[in-house]
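Keep in mind the model is a prediction, meaning the values are calculated, not measured.
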Amino acid sequence: MALALSTYRSLVNFKLFFSLCVFIFSIEALAQKNCKASQLALDSGRDLFQRRQFLLSIQEFSMAEKFDCAEQLDQAMWGHLLAVTELGERDEMFHLSHKLYPLKFSLGYQQKLKLYQSYYFPKNDGTVEAQRVNSFEQWKENLPQQKSPALAGTLSAVLPGAGQAYTGSWQSGAMAFVLNALFLSATLELEDKDLPATALVSGVVFSITYLGNILNAAESARIYNQNYNAPQIEEEKAKRFPELTL
């Protein structure tokens with residue numbers, strides 16, 4: 001009787017042990033399957049990112065995140081954040097970098113995230129990251145200006161549209177010249193016809209158009225300089241902040 005009872009207990013323990021092994025093996029197999037699927041989504045997201053298809057890359061990075069595979073999780077979240085950044089979604093950038101991801105990133109990516117926060121949401125807090133960003137901003141300010149915003153504004157003040165033409169915005173310059181000429185001639189004509197109230201309204205519209213023409217010329221020069229220096233700035237950014245790349 002005792003032998004039978006001992007044998008029964010051994011069989012029960014063996015079954016329990018066998019079931020536990022099968023369960024652990026199933027969990028590991030499922031985890032490996034999920035990690036493979038996560039890697040495929042991550043690779044797809046990277047490829048779409050490089051082809052500048054940022055919305056589609058976000059979908060792939062998000063899918064890789066959902067598998068919650070430790071090997072790919074940091075990379076997927078980082079890719080998601082950079083894709084959102086490329087789209088210029090400031091609210092989403094802040095939400096991800098300041099509220100959601102700081103709790104999920106590993107220690108190595110925490111350091112990259114601090115630099116990201118300092119670069120895109122600068123604070124003069126004296127940190128090493130802030131100093132690096134400030135140094136880069138000073139470098140950008142020292143870049144030579146190809147077109148002077150002050151000169152562009154002055155030219156458009158003398159002759160509406162001339163500042164825009166100076167920066168190569170010929171269509172914008174022609175429009176500024178025509179609009180200012182129309183409102184000025186209308187104001188003078190209304191004044192000659194002794195219609196002071198209407199002439200006043202037309203004069204106010206002309207003044208607004210004239211001032212807008214000057215401001216637009218200055219902004220046109222700034223945009224010209226920004227576009228002209230963009231390749232050099234991006235190259236320097238990649239050298240100074242290699243952490244902010246995919």
Side-chain angles (χ1 to χ4, degrees), residues 46-58 78-94 96-97 112-124 127-181 207-246:
R46 286 171 171 167
D47 180 62
L48 290 166
F49 185 94
Q50 296 300 331
R51 288 190 278 152
R52 305 192 65 81
Q53 298 182 22
F54 300 119
L55 280 174
L56 293 177
S57 71
I58 288 174
W78 187 249
H80 186 166
L81 179 59
L82 293 183
V84 169
T85 303
E86 290 291 341
L87 292 174
E89 299 289 344
R90 297 284 297 179
D91 291 342
E92 185 68 8
M93 289 164 60
F94 184 86
L96 293 176
S97 63
K112 296 174 69 170
L113 186 62
K114 287 181 180 179
L115 179 60
Y116 177 94
Q117 293 170 343
S118 295
Y119 186 87
Y120 291 103
F121 302 94
K123 292 182 180 179
N124 292 321
T127 61
V128 174
E129 292 80 10
Q131 293 174 6
R132 289 174 63 185
V133 173
N134 289 335
S135 174
F136 181 58
E137 292 299 322
Q138 292 174 2
W139 175 84
K140 288 197 296 185
E141 291 176 0
N142 292 328
L143 287 174
Q145 292 188 340
Q146 301 299 316
K147 302 292 182 181
S148 168
L151 178 57
T154 301
L155 289 172
S156 280
V158 175
L159 178 63
Q164 288 86 339
Y166 161 69
T167 62
S169 302
W170 297 99
Q171 186 175 358
S172 178
M175 185 177 297
F177 177 80
V178 170
L179 288 176
N180 278 273
S207 299
I208 295 173
T209 305
Y210 178 73
L211 180 60
N213 147 72
I214 296 174
L215 296 176
N216 177 259
E219 181 64 18
S220 180
R222 282 190 287 269
I223 292 175
Y224 180 94
N225 291 330
Q226 180 179 347
N227 293 336
Y228 184 88
N229 291 323
Q232 185 178 357
I233 291 174
E234 285 300 316
E235 182 179 354
E236 187 68 17
K237 176 187 172 185
K239 290 179 181 179
R240 291 176 180 245
F241 308 107
E243 303 96 325
L244 299 181
T245 56
L246 186 61

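The two residues T167 and Y224 make their nearest non-hydrogen contact at O-CD1, 3.4 Å. Nearest heavy-atom pair across P160 and A176 is CB-O, 4.1 Å. Residues I58 and V84 approach most closely at CD1-CG2, 3.7 Å, considering heavy atoms. Across every non-hydrogen atom of L246 and F49, the tightest pair is CD2-CD2, 3.6 Å. Minimum interatomic distance between A83 and S57 (heavy atoms only, all atoms of both residues): CB-OG, 3.5 Å. Smallest separation of non-hydrogen atoms from S169 and S220: OG-OG, 3.1 Å.
Between the CZ atom in R52 and the CG atom in L87 there is a gap of 9.5 Å [rounded to 0.5 Å]. Separation of atoms CD1 (I214) and CD (Q164) is listed at 9.5 Å; rounding is to 0.5 Å. Put simply, CG on L81 and CD on E89 are 12.5 Å apart, with the number rounded to the nearest 0.5 Å. We find the CG-CG distance between L143 and N229 to be 5.0 Å, quoted to the nearest 0.5 Å. L55 contributes atom CG, which lies 10.5 Å from atom CG of L48 (distance to the nearest 0.5 angstrom). The distance from atom CZ of R222 to atom CD of E219, rounded to the nearest 0.5 Å, is 4.5 Å.
Under the 30°/60° scheme for interplanar angles, the aromatic rings of Y116 and F121 are found to be tilted.
One N or O on the side chain of R132 and one on the backbone of R240 form a donor-acceptor pair closer than 3.5 Å. A distance-only check finds a donor-acceptor pair linking the side chain of N134 to the backbone of A130 [under 3.5 Å]. Looking only at distances, no side-chain donor or acceptor of W78 sits under 3.5 Å from a matching main-chain atom of L244. Listed for the N213 side chain is no donor-acceptor partner under 3.5 Å among the backbone atoms of F177. Formation of a donor-acceptor pair under 3.5 Å by the N216 side chain with backbone atoms of G212 is not found in this model. Judged purely by atom type and a 3.5 angstrom limit, S156 has no side-chain atom pairing as donor or acceptor with the backbone of G153. With hydrogens and angles disregarded, no donor-acceptor distance shorter than 3.5 Å links the side chain of E129 to the backbone of L113.
More than 12 heavy atoms of other residues, nucleotides or ligands sit less than 6.0 Å from atom CH2 of W139. Other residues, nucleotides and ligands contribute at most 12 non-hydrogen atoms within 6.0 Å of the CG atom of D91. Heavy-atom contacts from other residues, nucleotides or ligands closer than 6.0 Å to CZ of F54 number more than 12.
Classification of E137 and K140 as a salt-bridged pair holds, one side-chain N sitting under 4.0 Å from a carboxylate O.
Across K237, Q232, K239, a single residue satisfies side chain to side chain contact (heavy atoms under 4.5 Å, CB included) together with E235, and that is K239.
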Checklist entry - When you look at Y120 and R90, which way does the side-chain contact (heavy atoms from CB on, under 4.5 Å) test go after all the steps? => result CA-CA 9 Å; Y120 291 103; R90 297 284 297 179; 4.2 Å; yes
Checklist entry - Given the rule in the side-chain contact (heavy atoms from CB on, under 4.5 Å) test, do Y166 and S148 qualify, once you have shown the distances and angles that lead to the verdict? => result CA-CA 9 Å; Y166 161 69; S148 168; 4.1 Å; yes
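Contact of the K114 side chain with the T127 side chain is not registered, since no non-hydrogen atoms from C-beta on lie closer than 4.5 Å.
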